[in-house]
Enquirer: 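The structure is given below, and queries will be raised subsequently.
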Number of protein chains: 2
Amino acid sequence: MSGAETKEIILDTAERLFAERSFASVSLREITAAAGVNLAAVNYHFGSKDALLLAVFRRRATDLNRERITLLKEAEARAGDHPVPLREILAALLSPPIRWTRQRTSGLSVFIQFMARVRTDGTPEMRKLMDKDVGHIHRFVVPTFRTLPHLPKDEIYWRLHFTLALMHYTITDLGRLEAISGGLCDLDDTDALIERMIDFAVAGFGQPVQGGAALEVLEAVSG
Amino acid sequence: MSGAETKEIILDTAERLFAERSFASVSLREITAAAGVNLAAVNYHFGSKDALLLAVFRRRATDLNRERITLLKEAEARAGDHPVPLREILAALLSPPIRWTRQRTSGLSVFIQFMARVRTDGTPEMRKLMDKDVGHIHRFVVPTFRTLPHLPKDEIYWRLHFTLALMHYTITDLGRLEAISGGLCDLDDTDALIERMIDFAVAGFGQPVQGGAALEVLEAVSG
DNA sequence: ATATAATGCATACGCTCGCTTCAATCAATG
DNA sequence: CATTGATTGAAGCGAGCGTATGCATTATAT
């Protein structure tokens, strides 16, 4: 096995285990045993456990955001001079991570769960990783302002926050839905799942502002 | 200091630390040091670290669900023979944990974050705790079926899932919203926050079913 | 007041952790 | 084939972990 192959196997295994359990509860011995490599390989190739976590993150994070931005730019191109329909902005934001989650063959799937864990595992290493990801959201805030000019900006932030909630919770706790519904909900149709989620979010954006009606937004929302 | 006092202090401190960081990354030495008690006190009063986690959970979980059920029953009483307005069902489900989160003086606040961590910390101990909480949701599913008889049941499950997402994400990641919005959003007005969240969810419930319109639900939703 | 139980405290055990060391092995090069 | 640099393997280090033990201290009850 070449050195590069060893690195990849370690990254894959660590990504999977970190996605499943908390950073502190996964030991290097467990990772290396599952990966079939020597214990010392992690420190040789990555330097430390913390650095391994960072490497897992780095390997895929840029890909994900690139995919989102590509979708957003396509939507902007389609819109021309007009504001981008909200539905398409949200689709660019939500569909890549959801799709990644659900293509079971690829390592991208577990990476999304890994990301979700990073957001909730309160260790300092995790928080550092999280902060690297805040800036990308702003790229989606700006076109949303333009699409929904009648909504106060703080209201848009709130509703984007709730939209991210849908995504985040769906990624981490879809199994819970299966348990609650007794298997009634079809979790395998990814496209339908994304549509459902976007429908829900778009409806949330379309509601009038608290304390005052703003029905104009309904037009912009439906694009 | 009496034995009961010691137990309470340990529970408070453990609850806080477990809310902040992952179960595995918080050591008994850290807990007992922060609590100002002896290291052996945990094993004396609770038996083990796992048992301490369980005790933290037990102490408050019943209170939370009792409060939710009380609100739901009040809403049912007000409704009489009519279906309970969706808004009130969701308020009963969402407002207790959100209120608990935001009353900074009380330990209830950190307990909600503790619960949120339990849901995402993938350790086996945590999963056991999670499973204890599934059943309570069903109490809210049934009246929702009755209020929205035109919606397919799986659709209701989906939208309840999304609603729980709003709650969960808001509890865990409100700081993120503050960062993204640059402090624009007012996070201190709890009532307004709850209203916003319920508005968003009600709007999501009010949308027509995928592939077909069902405008009747709009009446039921607004109650 | 004295006996008895409950609790607090300091310490230590056994274990696993992340990390290091150093010799063995492999691959490529001259 | 010998040499060299990169990688792997096995063993072990000190530190921190959860837990157990033994004894001091305090509270309770007769």
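Just so it is clear, the model here is predicted, and its values are computed rather than measured. Letters go in sequence order (proteins before strands), and every chain restarts at 1.
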Enquirer: Regarding B:A40, tell me which of base, sugar-phosphate or nothing describes its non-hydrogen contacts under 4.0 Å with the strands shown.
Expert: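 Counting heavy atoms under 4.0 Å across all strands, the contact made by B:A40 includes a base.
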Enquirer: C:dT7, D:dT19, C:dC19: which one has an atom nearest the side-chain heavy atoms of B:N43?
Expert: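 Closest nucleotide to the B:N43 side chain: D:dT19.
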Enquirer: Is the shortest side-chain N/O distance from B:S27 to OP1 or OP2 of D:dC17 below 4.0 Å?
Expert: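 True: B:S27 side-chain N/O within range (under 4.0 Å) of D:dC17 OP1/OP2.
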Enquirer: Identify which nucleotide among C:dG18, C:dG8, D:dT8 has an atom closest to any side-chain atom of B:H45, counting heavy atoms from C-beta outward.
Expert: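 Out of C:dG18, C:dG8, D:dT8, the nucleotide with an atom closest to B:H45's side chain is C:dG8.
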Enquirer: Are B:H45 and B:T6 linked by a side-chain donor-acceptor pair shorter than 3.5 Å?
Expert: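 Not at all, the side chains of B:H45 and B:T6 share no donor-acceptor pair under 3.5 Å.
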Enquirer: In this structure, how many angstroms lie between the C1' atom of D:dG9 and the OH atom of A:Y44, rounded?
Expert: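 One finds 13 Å between C1' of D:dG9 and OH of A:Y44, rounded.
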Enquirer: Where the side chain of B:N38 is concerned, which of C:dG18, D:dA6, C:dA10 is the nearest nucleotide?
Expert: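 Comparing C:dG18, D:dA6, C:dA10 against the side chain of B:N38, the answer is C:dA10.
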Enquirer: Rounded to the nearest angstrom, tell me the gap between atom CD1 in A:I10 and atom P in C:dC19.
Expert: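 The answer, rounded to whole Å, is 13 Å.
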Enquirer: Determine whether any donor atom in the side chain of A:R29 lies under 3.5 Å from an acceptor atom in the base of C:dG18, or the reverse, and answer yes or no.
Expert: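 Side chain to base: pair present.
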Enquirer: So, does A:R117 use its side chain to make a donor-acceptor pair with the main chain of B:T120 at under 3.5 Å?
Expert: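 Side chain of A:R117 to backbone of B:T120: a pair is present.
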Enquirer: Indicate yes or no: at least one non-hydrogen side-chain atom of A:M115 is less than 4.5 angstrom from one of A:L64.
Expert: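 Yes - at least one pair of side-chain heavy atoms lies under 4.5 Å apart.
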Enquirer: Report yes if a side-chain nitrogen or oxygen of B:S48 is closer than 4.0 Å to either non-bridging phosphate oxygen (OP1 or OP2) of D:dG18; otherwise report no.
Expert: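 Result: no.
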Enquirer: Expressed in angstrom and rounded to an integer, what is the separation of B:E30 atom CD from D:dG16 atom C1'?
Expert: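 For the pair B:E30 CD and D:dG16 C1', the rounded distance is 12 Å.
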Enquirer: Are the side chain of B:T147 and the backbone N or O of B:V84 linked by a donor-acceptor pair below 3.5 Å?
Expert: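 Flag set: sc B:T147 to bb B:V84 pair under 3.5 Å.
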